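What follows is one structure encoded as structure tokens, with my remarks underneath.
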2 protein chains.
Amino acid sequence: MAAPSEFLKFVDTNADGFIQRLADAVAIPSISGDASHRSDVVKMAKWLENHLKAVGVETQLVDLGKHKMDGEELDLPPAILGRIGNDPKKKTVLVYGHFDVQPASKSDGWDTEPFTLKIHEDGRLIGRGSSDDKGPVLGWLNVLQYHFQNKKELPVNLRCCFEGMEESGSEGLDDLVKKESQPGGWFDGVDCVCISDNYWLNTRTPALTYGLRGLTYFKVTVSGPGRDLHSGVFGRTVHEPMTDLIILMSKLVDGSGKILIPGVDEMVAPPTNSERSIYEGLNYSIADVEESAGASIALSANKVDVLMGRMRYPSLSLHGIEGAFSGVGAKTVIPAKVGGKFSIRLVPPQTPDTVNPLVISYLESEFAKLNSKNKLTIESLHGGKPWVADVNHWNFEAAKAATRSIYKQEPDLTREGGSIPVTLTFAESLGVNVLLLPMGRGDDGAHLLIS
Amino acid sequence: MAAPSEFLKFVDTNADGFIQRLADAVAIPSISGDASHRSDVVKMAKWLENHLKAVGVETQLVDLGKHKMDGEELDLPPAILGRIGNDPKKKTVLVYGHFDVQPASKSDGWDTEPFTLKIHEDGRLIGRGSSDDKGPVLGWLNVLQYHFQNKKELPVNLRCCFEGMEESGSEGLDDLVKKESQPGGWFDGVDCVCISDNYWLNTRTPALTYGLRGLTYFKVTVSGPGRDLHSGVFGRTVHEPMTDLIILMSKLVDGSGKILIPGVDEMVAPPTNSERSIYEGLNYSIADVEESAGASIALSANKVDVLMGRMRYPSLSLHGIEGAFSGVGAKTVIPAKVGGKFSIRLVPPQTPDTVNPLVISYLESEFAKLNSKNKLTIESLHGGKPWVADVNHWNFEAAKAATRSIYKQEPDLTREGGSIPVTLTFAESLGVNVLLLPMGRGDDGAHLLIS
Ligand SMILES: [Zn+2]
Ligand SMILES: [Zn+2]
Ligand SMILES: [Zn+2]
Ligand SMILES: [Zn+2]
């Protein structure tokens, strides 16, 4: 089904107004991670609430309480709840987005003023939040405006959940979602969720995202000496913590990305043929990976292997060492206590609860082999479960049909290598299908420049 | 031969004056590494020169030119050259010491004012420089005062070389020593050298030191991505520099201290029986090592193995990584460029020139095994040769006899695990026997507190 020509005409006629509205939103520097901009986040919440009301949405600003940031106690910006329609014959769709942004300044490398929306000569709209995530939120507003002004009934009941703390850990949101998912809450009766806060795989093909990896993050500390020692005096007389730690870290992952902790890679089933065909069908190449990495360093020349490495296999990355010499120059220290940091991206059926015991017992047994008199401590710093949705659910079928009608092509079905924690919150609190519908292109640069 | 009772009586009679003179020296904060104290180093040079003249030494302050420190151009403090006696029938002994000190303040943990000499209740003299190295320099002055005041002829011709930049890399000294070692120079005709700038092995037994380890310091850099990457997006899609580097670093040394670079440990001959007996004879225990390390982490329960590990075997220590995540917390970064730092302490016949090619070719061949598309760069940051002297030389025999006559016991014959670069400068420029005659005890804490 093609999009109604009446709707497409409305979009063309109102394009300047839509762009001006995005420019107004971008102009509010609603940086949630900067205490001095907290009032701008609140201002942005009120601005958005007013625009939602103007197109017929019933709204509520929810006080999420207080939190501490940089040692200062601050009021959390309110979340916005909204609803239109209560027809029991229609599906009820919950839409999520966020109206806060990351910091940005010309000194960070922006060519343009980040909080002034600029139309690039190629047509792209450049400004902080234009893609992450004010643009997608305003996309929903534009659709609602069409229905409101033309007195068209929405084909679904709509619920909204817009927050102002996403870039700072979504503080307060989990409790809100759980509470409103109860009978009588704003999200009671929701049949599916649509989140627009991620990106296409490339610049050419729209995408629907059905999976996210989880994470488990470790700090492995080896300590021994009472204080840092001089390598001239103590070299080859004592068990050096760095020697032990480097040996342990070298046993976690090999140069090809294979995880060496017994049982971890093995938890993941091999891909089915139909699953492989999803990866084969993605409009993506090794060149795309290497362009975004900035070098020809892909682990394989096979596109399916590289995409599966990101999307459907776990990965283990070594991030660094706390307590070792990390400066420039040549310091001959034997550090007394060193903490290696690494994390594992998880895929179903892995969870921190099932993977962590394997990691801990492997590290302990490898450390025992060293016969070291140093002390080993293993800490789990944080973690989150992976998420995968059923791509054949009617929620995805509807999104595929919508993509075809607007873009005249099939969407890429993607899984992301990273996490969007709120996805899991909705999936678990509501027990319904969740869909990620990215509106941004693969080169939008979330958290970097231009977006 | 016992020390002349007349001399011992002189020392007792003049002890208060000697201590007051040390207090006067400690009170001048001649910190060579702090530009704001440069005038104090110059003041200390003039103070010392005057005291040397007062006991009959012919002196010269030598301008060593300028140098840059912390971006500022500064005049180097002068070195002091001195001489007494020119009797061709006597041996000519060159004495070295330094009159600059490391920084010190109560905020660093000093219990007492560091630049005020304090007599501890157990009789120790506490103050910055009291042991490193103003105390030893003043030890020579006290001996000269005895001869001068009592019109005793010295049994040797004496030459002095006292510098004010030892704690800041001895800048300018190498050139001076080479120049003055030429025919007609201040050091022409020197038969042996005595350096008092190190420590006893313990608090019980005087020591003579006949060896120092050398050093070769490496930075091994693995780079690939154009910038730091997010482990969610790139984990298991690209060759990660940290994975490659950690594997390389893990192949350098094992948990028992054995160096895994082929040919490096093998360059060192096994100890002879007479050499082993030197280590067996040292007044030292595993408990001493572990007390100074602050934990029970000695590599062996055998005292001879532990002492040989420090003194006569090479050692390899891993110091840290530049460019990796080193902060607290949990950052999920894939660092684009990481530089591992390690150094090898060298013993004869090893030199940086003979060891470095083995290190480089081993790292290159281990990196090749990884089949990584990342780039490897190996840099030698600095290095120095080891030094070992003949303990049967008359210079050592004289020092042993002197030790017996004062302390009524045989000195420990020690080698040090670290470096004192000036030792090699004298040995190579003059081609004569060099002896280290420590006056400080093993618990004096050079560069730490109390000394
Ligand atoms: Zn976002
Ligand atoms: Zn974001
Ligand atoms: Zn010194
Ligand atoms: Zn020193």
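First the proteins, then the strands, lettered A, B, ... as listed; each starts at 1. Note that this is a predicted model, so its numbers are computed, not measured.
- Among the residues in residues 377-385 of chain A, those with a non-hydrogen atom closer than 4.5 angstrom to a non-hydrogen atom of chain B are A/L381, A/H382.
- Not one N or O on the side chain of B/D412 forms a donor-acceptor pair closer than 3.5 Å with the backbone of B/L282.
- With rounding to the nearest 0.5 angstrom, the CZ atom of B/R415 is 13.5 Å from the CG atom of B/L201.
- Close approach to chain A, defined as a heavy atom under 4.5 Å from one of its heavy atoms, is seen in B/S296, B/I297, B/A298, B/L299, B/V306, B/G309, B/R310 of residues 296-312 of chain B, taken by number.
- With chain B as the partner, the residue from A/G255, A/G224, A/A293 showing the most heavy-atom pairs under 4.5 Å is A/A293.
- Considering only heavy-atom pairs separated by less than 4.5 Å from chain B, the leading option among A/H239, A/K373, A/H319, A/H230 is A/H319.
- The contact between B/E322 and chain A is made by backbone and side chain atoms together, counting heavy-atom distances below 4.5 Å.
- Using a 4.5 Å cut-off between heavy atoms, A/N371 makes no contact with chain B at all.
- Both the backbone and the side chain of A/P225 come within contact range of chain B, judged by heavy atoms closer than 4.5 Å.
- Ranked by heavy-atom pairs under 4.5 Å with chain B, the first of A/G235, A/S256, A/G294 is A/G235.
- Interface remark: of the candidates A/S231, A/G418, A/S419, A/S231 forms the most heavy-atom pairs closer than 4.5 Å to chain B.
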Side-chain donor/acceptor pairs under 3.5 Å, residues 242-249 of chain B, sequence neighbours excluded:
residue	atom	partner	partner atom	Å
B/D244	OD2	B/S372	OG	2.5
B/D244	OD2	B/N374	ND2	2.9

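- Ranking A/I286, A/L316, A/V328 against chain B, the residue ahead of the rest is A/V328, based on heavy-atom pairs under 4.5 Å.
- A/S343 and A/S317 form no side-chain donor-acceptor contact under 3.5 Å, judged by distance and modelled atom types alone.
- Summarising the geometry, atom CD belonging to A/E416 is positioned 9.0 Å from atom OG1 belonging to A/T423; distances are rounded to the nearest 0.5 Å.
- At a heavy-atom cut-off of under 4.5 Å, chain A is reached by B/R213, B/L215, B/Y217 from residues 211-221 of chain B, listed in order of number.
- If you tally non-hydrogen atom pairs under 4.5 Å between each of A/A324, A/G339, A/G323, A/G327 and chain B, the highest count goes to A/G327.
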